[in-house]
Amino acid sequence: MRKTIIDPTAGNDLVADSDVVSETAYSRGVAVDFDGYKRVFLSGVTPVETATDSIEAQTREVLETIRALLAQQVVR
């Protein structure tokens, strides 16, 4: 079993004021490779660019972010 942190530097700007970022402050999720299959666990996907827009635009942004994160994990 192998674990891969997805976008491990995603939250580093949250702790930018600290002297040293020694660990992952926030990541988009974790992908775990098992024999013959992979599981992807995502967390904390929220709208960023469209936060002041309609619920439809915010939902579209969240789903597009999830799609892009999952697409990165596909083995071709």
Side-chain angles (χ1 to χ4, degrees):
M1 175 175 68
R2 184 178 69 113
K3 293 181 183 178
T4 304
I5 297 175
I6 300 169
D7 199 6
T9 61
N12 286 356
D13 57 340
L14 299 175
V15 292
D17 292 336
S18 60
D19 295 334
V20 177
V21 177
S22 60
E23 295 182 23
T24 300
Y26 168 79
S27 70
R28 301 269 185 190
V30 176
V32 183
D33 290 302
F34 293 95
D35 290 334
Y37 68 98
K38 178 187 285 192
R39 283 193 163 178
V40 179
F41 302 89
L42 300 178
S43 175
V45 179
T46 61
V48 178
E49 300 297 324
T50 60
T52 59
D53 290 344
S54 68
I55 187 67
E56 291 86 1
Q58 292 178 35
T59 302
R60 190 173 296 111
E61 181 183 341
V62 167
L63 293 175
E64 180 57 31
T65 300
I66 290 171
R67 186 207 60 76
L69 291 170
L70 291 175
Q72 293 172 7
Q73 300 305 313
V74 174
V75 178
R76 297 178 198 255

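Counting from 1, the numbers follow the sequence of the chain as shown.
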- Co-membership, hydrophobic cluster, residues Val48 and Leu63, 4.5 Å side-chain: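 The answer is no; the residues belong to distinct hydrophobic clusters.
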- Message: Under 4.5 Å between side-chain heavy atoms, counting indirect links through other Ile/Leu/Val/Met/Phe/Trp/Tyr residues: same cluster for Tyr37 and Val74 or not?
- Response: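 Looking at the clustering, Val74 is in a separate group from Tyr37.
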- Got a second to check how far Asp33's CG is from Lys3's NZ, nearest 0.5 Å?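 Interatomic distance, Asp33 CG to Lys3 NZ, rounded to 0.5 Å: 12.0 Å.
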- Item | Pairwise salt bridge (charged side-chain N to carboxylate O under 4.0 Å, His left out) hits with a residue in residues 52-61, at least two apart |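 Output for this query is empty, none listed.
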- Item | Contacts of Ile66 that satisfy side-chain contact (heavy atoms from CB on, under 4.5 Å) - sequence neighbours left out |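 Ile66: side-chain contact (heavy atoms from CB on, under 4.5 Å) contacts with Leu42, Val45, Val62, Leu70.
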- Query: Residues in side-chain contact (heavy atoms from CB on, under 4.5 Å) with Gln72, at least two apart?
  - Reply: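 Expected list: Ile6, Leu69.
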- Minimum-distance pair of heavy atoms, taken over all atoms of Lys38 and Gln73: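 Closest approach of Lys38 to Gln73, heavy atoms only: NZ-O, 3.0 Å.
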